Amino acid sequence: EPVDRLLGAAVAVVGTVRRGDGLVAMAPNLGWRDVPLGRLLERELEMPVAVANDADLGALGEHRRGVAVGHRDVIFLSGEVGLGGGLILRGAPFTGAAGFAGEVGHLPLNPDGAACRCGARGCWETEVGEGRLLMRAGEPEDAGRAGVERVIARAAAGDDVALAALADLGRWLGIGIAGLVNVFDPELIVLGARFERVFPWVIGPIATELSRRTVGGPRDVPRIVPTRLGADAALIGAAELAFEPILADPARWFHRTPRRQALASA
C-alpha cells in the first residue's frame, strides 16, 4: 500500500484564468476560449486542482522564493510568444475580482499597431512579442525560441540589425512599463522568460523611457531586475499555490495521510 498520496495540483496557463473554477476564459496564443480546464483536470486526477495564469504564478514564485523576497509591491513581466504580467501589491498577490488582473499584454498601447490574436489592434504584446522581435531582426516570425537565440547571438557579435531590434523591444517595453509604474508605483519590476535572456540589451532603452514618462521622473524609477528563478518561476509559484490549502490547515491533511505531498505542474 503506498505511503505517499497526492493531495493537490496546480497548473500554470498562458491565458486569462478565472480563479474560482479554473476556467481559461481566453488564451489567444493557444487558441483557447472558455476552456473549463480546472474541472477537466479535477475529473481526470480525482483531486483538487488550482489553475492560474503563468505570470501570476511567476510573480508568486519570485516573491516567495526569488529576487522579490522581502518586497511588498512588485510587477513581474514574462514574455515568450506574448506578454504576461503578475502583480504583488502590499505583499500579497493581486488577481482582481475574478482572477483576470495582470493581463498587461493586452493593454491598448499603439492605436496604429498590428492586429493581436485576441481580436484587438495595437496590444502591448504586438510590439514586444516574440514574432515582432524576430521580424525586426530579419528572422522568420515563426522561428520561435531558436530564432530568438540567433538574435541574441547576433547582438552579442555586434550585428547592427539585431541590436536595433533589441533596442526597439526595450523602447516598447519601457513605454508600457512606464504606464504600469504610474498606476501601481511598484518598488521592483522583475523581467522573466525571454525578457531575462535579452536583459542586457533592453535595460538601457527601458530606463530611458521610464525616465521620460513616469510621473516621479528619473529619481523615482523603480529597480528593474531579471528573474532569479529563470524558467522555473511559474513552476515554483504553482507549487506554492498547490501547498497553500495544506499550509493553511495542516491538521486536516495530517489526519488524512501520514505523509503530505502536493503536485505542481506548469
Side-chain angles (χ1 to χ4, degrees), residues 10 12-14 52-95 101-105 124-125 128 130 133 145 148-149 152 155-156 166 169-170 172-211 214 216 218-244 247 264-266:
V13 178
V14 183
N53 172 267
D54 68 320
D56 286 341
L57 292 178
L60 181 63
E62 289 290 345
H63 188 241
R64 298 270 178 89
R65 307 285 178 179
V67 71
V69 170
H71 294 274
R72 288 175 53 80
D73 296 283
V74 180
I75 295 175
F76 176 83
L77 297 175
S78 175
E80 283 295 348
V81 175
L83 167 65
L87 305 172
I88 303 292
L89 301 180
R90 303 286 183 175
F94 179 78
T95 57
E103 281 298 322
V104 297
W124 191 9
E125 75 171 41
V128 301
E130 180 181 84
L133 170 64
R145 181 172 293 185
V148 172
E149 295 304 322
I152 292 172
L166 289 170
L169 170 64
W172 281 105
L173 277 172
I175 292 170
I177 290 172
L180 296 179
V181 169
N182 288 338
V183 172
F184 294 107
D185 188 25
E187 56 185 314
L188 186 71
I189 294 171
V190 183
L191 300 184
R194 173 169 46 89
F195 299 145
E196 183 265 339
R197 300 199 297 279
V198 301
F199 187 85
W201 293 279
V202 300
I203 185 59
I206 290 173
T208 297
E209 295 302 328
L210 288 181
S211 67
T214 53
R219 293 182 180 179
D220 295 316
V221 170
R223 193 159 64 99
I224 304 172
V225 297
T227 171
R228 180 177 294 167
L229 302 178
D232 290 337
L235 178 65
I236 292 171
E240 292 286 338
L241 187 65
F243 271 114
E244 280 183 356
L247 297 176
S265 177

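What you see is a predicted model, and the numbers here were worked out from it, not measured in a lab. Along the sequence shown, residues are numbered consecutively beginning with 1.
Put simply, the side chain of L191 reaches to within 4.5 Å of the side chain of I206, judged on heavy atoms. Residues L173 and W124 form a side-chain contact, since some pair of their non-hydrogen atoms from C-beta on lies under 4.5 Å apart. L169 places none of its side-chain heavy atoms less than 4.5 Å from the side chain of W201. In this structure the side chain of V181 reaches within 4.5 angstrom of the side chain of I189, judged on heavy atoms. In this structure, I88 and F184 have side chains that are not in contact, with every pair of non-hydrogen atoms separated by 4.5 Å or more. Inter-residue side-chain proximity for F195 and V202 is flagged as unmet; no heavy-atom pair is nearer than 4.5 Å.
The side-chain hydrogen bond (donor to acceptor under 3.5 Å, both in side chains) search around R197 returns E80, E149, not counting sequence neighbours. In this view, D185 satisfies the side chain to side chain contact (heavy atoms under 4.5 Å, CB included) rule with no residue, not counting sequence neighbours. For P205, the side chain to side chain contact (heavy atoms under 4.5 Å, CB included) partners are A167, not counting sequence neighbours. With sequence neighbours excluded, the residues that form a side-chain hydrogen bond (donor to acceptor under 3.5 Å, both in side chains) with E62 are T227.
Taking every heavy atom of both residues into account, A55 and G84 meet most closely at CB-C, 3.5 Å. Scanning all heavy atoms of the two residues, the minimum distance from L166 to A155 falls at CD1-CB, 3.5 Å. Here the closest heavy-atom approach between residue L87 and residue A59 is recorded as N-CB, 4.2 Å. Scanning both residues, A234 and D54, for their nearest heavy atoms gives CB-O, 3.6 Å.
Side-chain atoms of E125 come within 3.5 Å of backbone N or O of L83 as a donor-acceptor pair.
The line from CD1 of I177 to CD1 of I224 is 5.0 Å long, rounded to the nearest 0.5 Å. Rounding to the nearest 0.5 Å places CG of N53 at 12.0 Å from CG of L60. In this structure, CD1 on I175 lies 12.5 Å from CG on L180, to the nearest 0.5 angstrom. In this structure, CD in E196 is found 10.5 Å from CG in L229, a value given to the nearest 0.5 Å.
At most 12 heavy atoms of other shown residues, nucleotides or ligands fall within 6.0 angstrom of atom CZ in R65.
Pairs of residues two or more places apart, or lying in two chains, that qualify as salt bridge (Lys or Arg N to Asp or Glu O under 4.0 Å) and include a residue from residues 200-209 are E209-R212, E209-R213.
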Which pairs of donor and acceptor atoms, one on a side chain in residues 70-79, lie under 3.5 Å apart (sequence neighbours left out)?
residue	atom	partner	partner atom	Å
H71	ND1	E187	OE1	3.3
D73	OD1	R90	N	3.1

